[in-house]
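Let me begin by presenting the structure, written as C-alpha cells, before commenting on it.
Treat the numbers as computed from the prediction; the structure is a model and nothing was measured.
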Amino acid sequence: MESRYDFKVIEEKNYKLWEKSGFFNPDKLPASHKKPFTIIMPPPNANGRLHAGHALFITLQDIVTRYKRMRGYKALWAPGADHAGFETQIVYEKKLEKEGRSRFKMTPDELFKEIMAFTLENKKYMEEDVRKLGASCDWSREKFTLDKDVIKETQNTFKKMYDDGLVYRGNRIVNWCPKHQTSLSDVETESVEEKSKLYYLKYGPFTIATARPETKFADKYVVMHPSDARYKKWKDGDKIEVNWLNGKVTATIIKDPVIDMDFGTGVMTMTPWHSQVDFDIAEKHKLDIEQIIDWRGKLLPIAHEFEGMKIGEAREKIVEKLEKMGLVEKIDENYSNVLKKCYKCLNPIEPQVRPQWFVKMKPLAELAIKAVKSGEVKFIPENYEKIFLYWMENTIDWNISRQIVWGIKIPAKICDKCGNGIPDLEDKLSQCENCSGELREDSDTFDTWFSSGQWPLLVLGYPNGKDFKKYYPTDVMETGHDLIFKWVPRMVIFGLYLTKKVPFHTVYLHGLVNDAQGRKMSKSKGNVINPIELTEKYGVDALRMALIVGNTPGTDLALSEDKIRGYRNFGTKIWNIARFIISNLKDSDIKPKLSQEDKKNLKELEDVKAKITKLIDKYDFNQSSYEIYHYVWHTFADKIIESYKPRLAAEESAGRAAAQETLLKILEGSLKMLHPFVPFVTEEIWSKLPDRKNPIIIERW
RNA sequence: GCGCGGUUAGCUCAGUGGUAGAGCGUUUCAUUGACAUUGAAAAGGUCAGAAGUUCGAUCCUUCUACCGCGCACCA
C-alpha cells in the first residue's frame with residue numbers, strides 16, 4: 001500500500017469504477033435489493049458551475065443514498081439539470097449586453113436557440129462537478145427541465161388545471177419589473193424597507209397621505225373607513241368637485257373597512273392600476289381603473305407636461321407643481337415604507353395590471369395543509385412546518401405567465417378583442433368562442449416553478465412511466481431552506497393534485513454555506529469559496545466531512561479552510577490505520593482464540609454501529625458523522641490499535657492471530673460506517689483488503 | 001408590525017433536566033514508530049440578563065436585551 005493517500009488519483013479511479021459497476025442504477029443492483037428508496041435531486045442550474053451550497057446538498061443526499069444502498073434498498077437518486085428560466089435568461093442578457101447586443105433586438109426564436117446552446121454547453125461542466133463530488137446518482141435517469149416529455153407533461157397539467165377551474169386568465173395586478181420587462185410572482189420579489197417621504201396633500205375637503213404623488217394624476221375616488229366619525233357627513237357614493245393636478249375632477253366617495261383610520265388622515269385616493277390595495281378596492285366596488293405608468297416605468301400622456309419622464313425624477317417636479325397649486329399641506333420626512341423589488345436586479349417593482357394566467361391557490365393550498373397537518377409530510381427541522389403552514393394559509397393567486405422566451409411555452413391562444421384565453425395543446429384553435437375574434441398564440445412562458453413544482457413526477461415519467469409506478473412517492477426531499485416557499489409547497493401541491501399522493505414524506509432543509517466568519521458568500525465581497533478548488537487541495541472526502549460535521553439542518557454553516565484541513569488529516573488517519581492493519585494481517589494457520597478484550601472491542605463496534613444507524617435513520621448527519629469520526633480516531637486508532645501492538649509483536653500464537661483477526665474486523669466495520677461520508681478513501685482501502693468480492697458501495701451495512 | 005431562529009471556549013459551532021463538548025488556535029511534554037505527523041496533557045466558559053417550575057435548569061416556562069432571517073395591502 002502506498003504510504004501516502006493520493007486522493008486525486010483515487011477519486012477519479014473509484015468514481016469510474018462505480019459508474020462502470022452500474023450500481024448507481026437501482027435496477028442493476030443485486031436482486032436482494034428490493035424495497036425502493038428514492039431521492040430526487042434538486043436540479044442544479046445548468047448555466048454554471050457548482051457553488052458551496054451545491055456541494056453541501058450533494059454530500060447530504062449522497063450520504064443518504066449510499067447508506068440506504070448499503071442497507072439493502074433499491075436506492076435511486078435521480079439527477080437533473082435546471083434550465084432555470086428567468087435566472088439563465090438574465091445571465092444570458094448580461095452576456096449579450098457585454099457584446100453590445102440586446103434581447104429586444106432579437107426574435108424570440110433566435111434568442112431561445114442561443115440560450116439553449118449556451119445552457120447545454122455549460123450543463124456539461126455542472127455535471128462534471130456533481131461527479132467530482134462523488135454523487136452516486138443514476139445518470140441514466142438524468143432529466144433536463146426542457147426535455148420534450150417534461151414540456152409536454154407540464155403543458156398537459158396546465159390544460160388539466162384549466163379544465164378543473166384552477167387556472168384562469170385574468171386582468172389583474174402583477175409584479176412588473178420595468179428592467180426585465182416581465183411579471184414576477186410574489187416569491188420573486190424582495191421587500192425592502194426604505195426611508196421615504198410621506199406627502200400630505202389637499203384633495204378637495206380632505207387631506208390625503210401618499211408616498212407616491214407621481215401616480216396620482218387620475219385619482220378620482222376618495223376612500224375612508226365607514227365608521228370613521230371624522231368623515232361621517234360624507235356617504236358612500238357622494239360626488240364632490242376637486243381641484244387636482246390636471247384641473248377640476250369629479251371625485252366619488254368610497255367607504256371601505258380596509259382603510260386604517262390611524263394611518264395618515266384616514267383618507268386616501270386610489271391608483272388601482274399601480275397598487276395592490278387600491279386594485280382590490282377597485283375590484284370590490286367595480287371602479288374605473290387607468291394606467292398612469294408605462295411598461296418601462298415612464299409616465300403616460302395623462303401626466304400632461306410630465307409625460308415620458310421616469311417616475312423617479314418626476315416625483316419632485318410633481319410635488320413642486322402641487323406646492324405651487326397650494327395643495328401640499330405637509331411632508332413627513334421620517335416615513336419608512338416597504339418597497340418591493342425585483343429579486344434579481346433590485347429595481348423597484350412597478351405594480352401593473354396585465355392579462356395573465358393565474359393559478360387559483362386556495363383549494364390547492366388546502367390539500368397541502370391537510371397533508372402536513374396529518375403528518376403525511378414531515379419537516380426537518382420541525383419548525384419549518386409552522387412556516388410552511390403560515391405560508392399556505394396566506395396564499396394569493398399565483399401568476400404563472402412570464403414575458404421571457406427561455407422557458408416552457410404556455411400552450412394557449414389569446415383573443416385580444418375580448419381578452420379571452422384558451423389552452424390549445426394541439427394548436428387547433430383560431431377563432432374565439434366568445435366573440436369570434438381572431439386568436440393569436442400566447443407568447444408567454446411558464447414561471448419556472450410551475451414545471452419545477454412537478455419535478456418529482458416529471459423525473460419519474462408521470463403519468464405512465466415504469467419508474468413512476470415503482471419509485472413514486474419518493475422518500476425525502478432535501479433542499480435549501482430558502483426554497484421552503486418557492487419550491488416545496490408547489491411540489492406538495494402538484495403531487496397531491498395530480499396523484500392524490502404526497503410526492504415525499506420527509507422534507508430535509510439545509511442552511512446556507514457561509515464563509516469562515518459566517519458571512520454570506522458574494523462576488524462583491526470576494527469571499528466566494530469554490531468547492532471544486534477545495535477538493536483539489538484537500539480531497540473530496542475532506543470537504544464532505546467539513547460540510548457535515550457540526551452542521552445542523554436549517555442552520556447556516558461557516559466553512560473554513562482550517563476545518564477542511566482538519567478532515568483531510570482524518571482521511572490520512574484512516575489511510576494509515578488501514579496500512580498498519582494490512583501490514584499485520586493474519587500470517588499463520590494458527591486458529592485464532594478471541595480474548596475477552598477482543599470480544600469487548602467487537603461488541604463496542606456493534607454498539608457504535610447501532611448508534612450511528614439510529615442517527616442516520618433520523619437524518620442526523622451532524623451527530624452520526626461526529627460519532628464515527630470519534631470512534632475511528634480516538635477509540636479505534638488511539639486506544640484499540642495501541643493496546644494491540646504488543647500482541648502483534650509477540651510470537652506466533654492463537655492470541656496473536658486473534659488480535660490480527662479482530663483488528664481486521666473492526667477495520668471492515670469502520671470502513672462500512674465511514675463509506676457514506678467519505679466514499680473515496682473507504683472504497684480504495686476496501687479494495688486492498690484480502691478476499692473482496694464486492695466494492696464497498698454495495699457491501700451490507 | 002407579525003413570525004421564526006440565535007446568544008455556549010480566543011474564532012466557527014455542536015450538545016444535554018444531574019461534573020460543560022468538537023474543530024481550528026494557544027501552552028507543555030513525548031515521538032520519526034501505521035500517521036504530509038501523531039500521542040499524552042494543560043489553560044480557557046456565572047452556557048446573554050432576570051424571574052419562575054424542579055431536589056436539581058445551560059436545557060422547560062415567562063419576560064427583557066441584542067443579533068440574524070423571513071413575512072407584511074398603513075396608502
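At a threshold of 4.0 angstrom between heavy atoms, the contacts of A/Lys645 include nucleobase atoms, whether or not backbone atoms are also involved. In this structure, A/Ile641 reaches the bases: a heavy-atom distance under 4.0 Å links it to at least one base atom across the strands shown. Residue A/Ala546 is out of contact with every strand shown, counting any heavy-atom pair closer than 4.0 Å. No engagement by A/Arg565 is indicated, since no non-hydrogen atom pair under 4.0 Å with the nucleic acid exists.
Within the structure, every side-chain polar atom (N or O) of A/Lys563 is placed at least 4.0 Å from both OP1 and OP2 of B/C24. Taking only side-chain nitrogens and oxygens, A/Asn394 never comes nearer than 4.0 Å to OP1 or OP2 of B/C2. Proximity of A/Trp633 to the phosphate of B/G39: a side-chain N or O atom is located under 4.0 Å from OP1 or OP2.
A straight line from CG of A/Asp482 to C1' of B/G5 spans 15 Å, rounded to a whole angstrom. Rounded to whole Å, the distance from NZ on A/Lys639 to P on B/A34 is 19 Å. We find that CG of A/Asp562 is positioned 8 Å from P of B/C24, with the value rounded to whole Å. A straight line from CD1 of A/Ile577 to P of B/U38 spans 12 Å, rounded to a whole angstrom. Rounded to an integer number of Å, the gap from OH of A/Tyr629 to C1' of B/G21 is 13 Å.
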* To do: List the protein contact pattern of nucleotides 70-75 of chain B with one symbol per nucleotide (5' to 3'): B for base contact, S for sugar-phosphate-only contact, - for none; contact means a heavy-atom distance under 4.0 Å.
  => SSBBBB

* Where along nucleotides 9-14 of chain B does protein come under 4.0 Å, by heavy atom, of base (B) or sugar-phosphate alone (S), with - for untouched nucleotides? -> ---SSS

Less than 3.5 Å apart, which donor and acceptor atoms pair up between the side chains of residues 377-388 of chain A and the rest of the protein, not counting sequence neighbours?
unit_1	atom_1	unit_2	atom_2	d
A/Lys378	NZ	A/Gly375	O	3.4

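When each of A/Trp575 and A/His630 is assigned the nucleotide of RNA chain B with its nearest heavy atom, A/His630 is the one assigned upstream, toward the 5' end.
Identified under the salt bridge (Lys or Arg N to Asp or Glu O under 4.0 Å) test for residues 200-216 of chain A, with sequence neighbours left out: A/Arg212-A/Glu214, A/Arg212-A/Glu350, A/Glu214-A/Arg315, A/Lys216-A/Asp219.
Qualifying ring-ring contact (aromatic ring centres under 6.0 Å, His included) partners for A/Phe206, counting only residues two or more places apart in sequence or in other chains: A/Tyr231, A/Trp234.
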* Structure fact -> Parsed dot-bracket for RNA chain B after applying the Watson-Crick and G-U rules with both distances under 3.5 Å and | for other-strand partners is (((((((..((((....[..)))).(((((.......))))).....(((((..]....))))))))))))....

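Aromatic ring orientation, A/Tyr619 versus A/Phe621: perpendicular (interplanar angle above 60°, classes split at 30° and 60°).
A cation-pi contact, defined as under 6.0 Å to the ring centre and within 45° of the axis, links A/Arg692 to A/Trp686.
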